[in-house]
Amino acid sequence: MSSVLDRIEAVEPKTRALLYVHDRGELLDEASAIDAARSSGDPLGPIAGVPVVIKDNIATKGIPTTAASRILSRFAPPYDATAVERLRAAGGVIVGKANMDEFAMGSSNENSAFVAARNPWDLARVPGGSSGGSAAAVAAGEAVLSLGSDTGGSVRQPSGFCGVVGVKPTYGRVSRYGLIAFASSLDQIGPVSRDVEGAAALLGAVAGEDPRDSTTGVEPVPDYLSELEGGCSGFTLGVPEEYFSEGLSPDVESAVRGAIDVLAAAGANVRSISLPHAEHGISAYYVVADAEASSNLARYDGIKYDQRACGHRDLFDTYCATRSEGFGREVKRRIMLGTYALSAGYRDEWYLKAQKVRALIAADFARAFDEVDAVVGPTSPTRAFEVGARIDDPIQMYLADVYTTHANLAGIAAISVPCDPGDGGLPVGFQIMVDKFQESAMFRIARAYERAAGLGRGVPEL
Ligand code: GLN
């Protein structure tokens with residue numbers, strides 16, 4: 001705990017990974033209590049004493065939970081999210097809240113209403129988004145584990161950019177109770193960690209059915225850790241030809257092909273597959289996600305929560321002024337696009353069509369999983385880009401999600417593990433996707449890769 005707190009003090013002015021840090025004295029007391037319990041042989045949870053940061057769109061009782069938005073800048077929820085409650089019960093200690101893109105909308109963290117987090121491997125570059133603070137904090141040694149959220153890639157893409165492990169669990173594997181909703185049919189809470197074991201331990205601690213989220217699955221949560229070292233021989237990996245085409249930067253391609261070779265040498269079978277509707281992922285995702293966002297964000301009206309514009313004549317003016325002042329540019333863009341896609345006369349052409357495309361993409365994966373155990377490829381088409389490079393070009397920003405939205409649209413699970421770019425440069429993410437509730441196999445394959453390739457790159461100097 002003290003090493004993490006010292007590290008936060010030393011590097012936080014550079015990384016800006018955190019929006020809130022808990023009181024040092026209280027955290028050290030909590031850590032001492034766990035030490036004492038450990039010495040007296042009391043039973044301890046699987047992550048007892050591990051310092052964790054929580055993305056700021058996940059409710060923490062009495063602790064600010066802003067979603068990096070001005071409209072929630074003074075909001076502290078009266079309850080813990082289910083994932084937070086379970087994390088605490090497993091012994092995790094919450095050190096702080098992680099920076100993010102406002103309402104989890106973005107791929108660079110530059111949409112945070114407060115400050116943009118930076119990539120700890122190169123402070124001139126973005127950490128990715130929207131869980132950029134989670135990935136930057138874990139990469140920089142400001143936390144050991146983090147919980148992020150992934151609607152279209154927001155755990156995996158920043159994890160890839162920052163050289164750490166990130167998981168988007170199966171839709172329904174982790175309760176969304178207490179997660180500030182962005183797009184409810186896509187959102188999942190997922191772990192960020194330095195190694196595969198950390199992610200497996202954290203997912204095991206927070207996953208499982210929850211009566212407060214009716215979309216959670218009843219499937220029992222396997223002991224991911226006991227199966228972790230099972231190796232990858234006997235598994236068949238599918239390499240989608242559509243993932244290795246235009247737009248993929250050559251250095252990322254060679255790193256990812258190298259990772260696939262490592263798994264083949266470790267005993268996995270590798271074959272080429274096709275996901276014929278893959279190219280429509282981004283278009284379908286941005287219609288479905290924005291439509292759901294426009295509906296979810298209607299609740300921020302200045303009456304029910306936190307921030308309210310004062311001095312207006314009537315309710316309508318108060319709503320307008322609150323929302324105009326409270327939401328940032330990207331959030332407004334999404335609300336407008338989503339409202340349009342749902343409006344009378346346009347709904348069939350946009351929202352319903354996107355839902356049909358979503359079903360086709362899910363069917364592509366269902367067909368693939370009849371033949372392979374996992375689909376493997378890059379997490380993102382490029383490495384971390386420079387701060388400012390894409391912020392004025394939303395299409396370029398959205399293209400960062402070209403390989404990650406599929407898992408959300410199909411409801412399947414996926415992990416990003418760091419793979420060696422071979423040139424000593426910025427990290428590259430290698431993505432392993434599995435069918436619903438097959439996280440055990442996903443962790444085994446990821447661990448087999450990590451064991452064969454060697455653990456990442458340590459912690460940056462800063
Ligand atoms: N970058 C994507 C978006 O902006 C994904 C965000 C997310 O997964 N929360 O919508």
Considering residues, nucleotides and ligands other than R329, do more than 12 of their heavy atoms fall under 6.0 Å from its CZ? no
Euclidean distance, R173 CZ relative to E439 CD, rounded to 0.5 Å: 6.5 Å
Is it the case that over 12 heavy atoms from other parts of the model lie below 6.0 angstrom from the CZ atom of R16? no
Closest heavy-atom pair, G190 versus V155, reported as atoms and distance to 0.1 Å, is O-CG2, 4.0 Å
Who pairs with R88 by side-chain hydrogen bond (donor to acceptor under 3.5 Å, both in side chains), at least two apart in sequence or on another chain? D80
Under a 3.5 Å distance rule, please check whether T66 uses its side chain to pair with a backbone N or O of S73 as donor and acceptor. no
Determine whether a donor-acceptor pair (N or O, by modelled atom type, separation under 3.5 Å) exists between the side chain of K168 and the backbone of D150. no
May I ask you to decide if L44's main-chain N or O and R38's side chain share a donor-acceptor pair within less than 3.5 Å? no
Applied to residues 114-173, the ring-ring contact (aromatic ring centres under 6.0 Å, His included) test, sequence neighbours excluded, yields F161-F385
Those residues that, when tested against Y20, pass ring-ring contact (aromatic ring centres under 6.0 Å, His included) (two or more places apart): H22
Value rounded to 0.5 Å, distance of SG in C419 from CZ in R257: 12.5 Å
Under 4.5 Å between any side-chain heavy atoms of Q188 and V167, yes or no? no
Could you report the tightest heavy-atom contact between A17 and A117, atom names first, then the distance? CA-CB, 4.2 Å
I want to check something: taking the side chain as every heavy atom from C-beta on, are R176 and S184 in contact at a cut-off of under 4.5 Å? yes
Output for pair (F437 CZ, T170 OG1), nearest 0.5 Å, gives 5.5 Å
Hey, does the side chain of N99 reach the backbone of L19 with a donor-acceptor pair shorter than 3.5 angstrom? no
Closest heavy-atom pair, N109 versus P127, reported as atoms and distance to 0.1 Å, is CB-CG, 4.0 Å
Indicate yes or no for a side-chain donor-acceptor contact from S146 to the backbone of V53 under 3.5 Å, with no hydrogens or angles considered. yes
Can you see whether K55 engages S134 through a side-chain donor-acceptor pair at a distance of less than 3.5 angstrom? no
Say whether, by atom type as modelled, one donor and one acceptor occur between the side chain of E209 and the main chain of T216 under 3.5 angstrom. no
Where the side chain of H406 meets the backbone of I361, is there a donor-acceptor pair that is under 3.5 Å apart? no
Which of parallel (below 30°), tilted (30 to 60°) and perpendicular (above 60°) describes F327 and F103? perpendicular
Verify, without hydrogens or angle tests, whether D6 (side chain) and E9 (backbone) share a donor-acceptor contact under 3.5 angstrom. no
Under the salt bridge (Lys or Arg N to Asp or Glu O under 4.0 Å) definition, can you give me all pairs with a residue in residues 415-431, not counting sequence neighbours? R383-D423
Restricting to pairs with a member in residues 95-118, which pass salt bridge (Lys or Arg N to Asp or Glu O under 4.0 Å), not counting sequence neighbours? D56-K97
Can you tell whether the side chains of D195 and R451 come within less than 4.0 Å, N to carboxylate O? no
Rounding to 0.5 Å, atoms CD (E26) and CD (E30) come to a distance of 7.5 Å
Can you list everything that forms a side-chain hydrogen bond (donor to acceptor under 3.5 Å, both in side chains) with S154? Sequence neighbours excluded, please. S130
How about T322 and D301: do any of their side-chain heavy atoms sit closer than 4.5 Å? no
Minimum heavy-atom distance S108-M397, with the two atoms named: OG-CE, 3.4 Å
Does any pair with a residue in residues 218-227 pass side-chain hydrogen bond (donor to acceptor under 3.5 Å, both in side chains), and if so which ones, sequence neighbours excluded? E227-S440
Test your reading of the model: is there a side-chain donor-acceptor pair from T404 to the backbone of G152, 3.5 Å cut-off? yes
For residues 47-96, pull every pair meeting ring-ring contact (aromatic ring centres under 6.0 Å, His included), keeping only residues two or more places apart or in separate chains. F75-Y305, Y79-Y177
Could you note down all residue pairs passing salt bridge (Lys or Arg N to Asp or Glu O under 4.0 Å) where residues 124-144 supplies at least one of them, sequence neighbours left out? D122-R125, R125-E386
Take L462 and R7 through the test side chain to side chain contact (heavy atoms under 4.5 Å, CB included) and record every step on the way to the result. CA-CA 10 Å; L462 284 164; R7 186 74 179 158; 3.7 Å; yes
With side chains defined as the heavy atoms from C-beta onward, is the minimum distance between P421 and D251 less than 4.5 Å? no
I need the full list of side-chain hydrogen bond (donor to acceptor under 3.5 Å, both in side chains) pairs touching residues 282-292, with sequence neighbours left out, sorted by first then second residue. S185-E292, Y286-D401
Tell me, with the steps shown, if V402 and E279 meet side chain to side chain contact (heavy atoms under 4.5 Å, CB included). CA-CA 8 Å; V402 61; E279 62 170 310; over 6 Å; no
Any chance you could lay out the salt bridge (charged side-chain N to carboxylate O under 4.0 Å, His left out) test for E85 and R212, step after step, and finish with the verdict? CA-CA 13 Å; E85 205 177 85; R212 292 175 296 189; 3.2 Å; yes
Could you tell me whether a side-chain N or O of N296 sits under 3.5 Å from a main-chain N or O of F182, the two making a donor and an acceptor? yes
Taking it one step at a time, do V95 and V52 satisfy side chain to side chain contact (heavy atoms under 4.5 Å, CB included)? CA-CA 6 Å; V95 172; V52 186; over 6 Å; no
Pairs where residues 387-400 contributes a residue and the test side-chain hydrogen bond (donor to acceptor under 3.5 Å, both in side chains) is met, not counting sequence neighbours: E330-Y398
Would you say the side chain of I180 lies within less than 4.5 Å of the side chain of Y300, judging by non-hydrogen atoms? yes
Any side-chain heavy atom of L179 sitting closer than 4.5 Å to one from N57? yes
Which side-chain N or O atoms in residues 425-435 pair as donor and acceptor under 3.5 Å with protein atoms at least two apart or in another chain?
from : atom 1 : to   : atom 2 : distance (Å)
Q431 : OE1    : R156 : NH1    : 2.7
Q431 : NE2    : P378 : O      : 3.4
Q431 : NE2    : Y403 : O      : 3.0

Mind running side chain to side chain contact (heavy atoms under 4.5 Å, CB included) on T65 and L72 for me, showing each step along the way? CA-CA 7 Å; T65 299; L72 286 176; over 6 Å; no
d(M100 CE, I58 CD1) to nearest 0.5 Å is 8.5 Å
Shortest non-hydrogen separation from S193 to L145 and the atoms involved: CB-CD2, 3.5 Å
Nearest 0.5 angstrom please: D364 CG to E242 CD, how far? 7.5 Å
Looking at side-chain heavy atoms only, is the closest gap between E450 and V417 below 4.5 Å? no
What are the two closest heavy atoms between V376 and P240, and how far apart are they? O-CD, 3.2 Å
Got L225 and R447 here, is their nearest side-chain heavy-atom distance under 4.5 Å? no
